[in-house]
Amino acid sequence: ILMLWARAGGVNLWPERRDWRPLMLLSSLFSIQIILLNISIQLTSAAYSAVLVNAAPILTNVIAHYYVPDDRLSRMRILGLAIAFAGVFSVLSGKPETRLAPAPLLGNILALVTAALIGVRMVYTQRLVQSLNSTKTIVWQVTLAIPVFVLSGLCFETAPVAADITLPIAIAMLYCGAGVVGIAFILWVRLLEKHPPGLISVFVFGTPLFGVWFSALLFDEKISPTL
């Protein structure tokens, strides 16, 4: 999808020499974020991970205040962020069901670190696309991360076989590959070209609600008062 989008737009994807360093930094942030996300999900429950990872808008607003000139915090935004932070720390200390979370505190902390990395990456991407084509940015963010993911999989994951790929797994792979990495990334980076990261990040606050709901639906996870 990314390549088709680039071809349709007539974008020359090969970076200039000066672009390699910022693109490699962006891809490194992306790689570490995804790795920590996957580790956190194995240690804590899906609902807790969904809430904590999606604390990213809070951290994005704080980071953007210092690094994006047109994205300053107002008094009302500070008040809203303070309330949101209180909710995040309440969830951070929560205790999901043992069957879903073998090491909940560590998993929760890693999920929150993931959220911080998302915030840093979002602000950095917004600054990067002011001087670099957004399609080129997103293509190389993903492309440079592929060897890291392959190497990590070979070192720490059980080798997959074709028989293990069931219909639900295939649908999940299609959703993550085409939906998230393809369509969602393209739209998100295009928005970052024209809007401050703190402002548009607010619109993902509904994501934790869906994460908690789907965790209850798919994993029969009890929605605790903390959540």
Side-chain angles (χ1 to χ4, degrees), residues 1-7 11 13-15 19-46 48-50 52-56 59-60 101-103 106-126 128-129 132-189 192 204 207 211 214-215 218:
I1 289 179
L2 292 175
M3 294 301 180
L4 290 174
W5 179 267
R7 186 171 182 178
V11 177
L13 290 177
W14 192 255
D19 297 331
W20 282 108
R21 182 175 293 180
L23 287 173
M24 290 178 70
L25 176 57
L26 177 65
S27 185
S28 297
L29 289 170
F30 176 66
S31 301
I32 297 170
Q33 169 216 314
I34 296 298
I35 290 171
L36 290 181
L37 171 63
N38 281 283
I39 295 173
S40 73
I41 291 176
Q42 294 178 28
L43 299 177
T44 190
S45 76
Y48 276 77
S49 182
L52 292 169
V53 168
N54 286 285
L59 302 169
T60 300
L106 178 57
N108 291 346
I109 291 173
L110 290 178
L112 193 57
V113 173
T114 301
L117 287 174
I118 292 173
V120 172
R121 182 172 60 84
M122 193 178 299
V123 172
Y124 185 67
T125 301
Q126 195 272 343
L128 198 57
V129 296
L132 194 62
N133 180 274
S134 60
T135 303
K136 182 186 294 186
T137 301
I138 198 66
V139 165
W140 284 103
Q141 171 189 286
V142 175
T143 301
L144 292 172
I146 291 174
V148 179
F149 296 149
V150 171
L151 183 61
S152 300
L154 292 174
C155 292
F156 302 108
E157 300 286 345
T158 303
V161 294
D164 295 331
I165 302 177
T166 60
L167 180 60
I169 293 175
I171 293 173
M173 292 171 63
L174 180 64
Y175 169 75
C176 290
V180 177
V181 177
I183 298 171
F185 275 18
I186 291 171
L187 295 176
W188 191 255
V189 175
L192 285 173
V204 303
T207 307
F214 276 115
S215 185
L218 299 176

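Note: hydrogens, waters and symmetry copies are ignored here, and every other heavy atom, side chains too, is used.
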Leu110, Thr114, Leu117, Val148 screened by side-chain contact (heavy atoms from CB on, under 4.5 Å) with Ile35, the one that passes: Val148
Give the minimum heavy-atom separation between [X] and [Y], together with the two atoms involved.
X: Ala101; Y: Ser45; answer: CB-N, 3.7 Å
X: Ala55; Y: Ala115; answer: C-CB, 4.1 Å
X: Ser49; Y: Leu37; answer: OG-CD1, 4.3 Å
X: Lys136; Y: Leu13; answer: CG-O, 3.5 Å
X: Thr60; Y: Gly119; answer: OG1-CA, 3.2 Å
X: Phe30; Y: Gln141; answer: CD1-NE2, 3.5 Å

Whether over 12 other heavy atoms sit under 6.0 Å from Phe149 CZ: yes
Is any side-chain heavy atom of [X] closer than 4.5 Å to a side-chain heavy atom of [Y]?
X: Val113; Y: Ser40; value: no
X: Ser215; Y: Tyr48; value: no
X: Leu132; Y: Leu23; value: yes

Leu187 side, atom CG; Ile138 side, atom CD1 - distance, nearest 0.5 Å: 10.5 Å
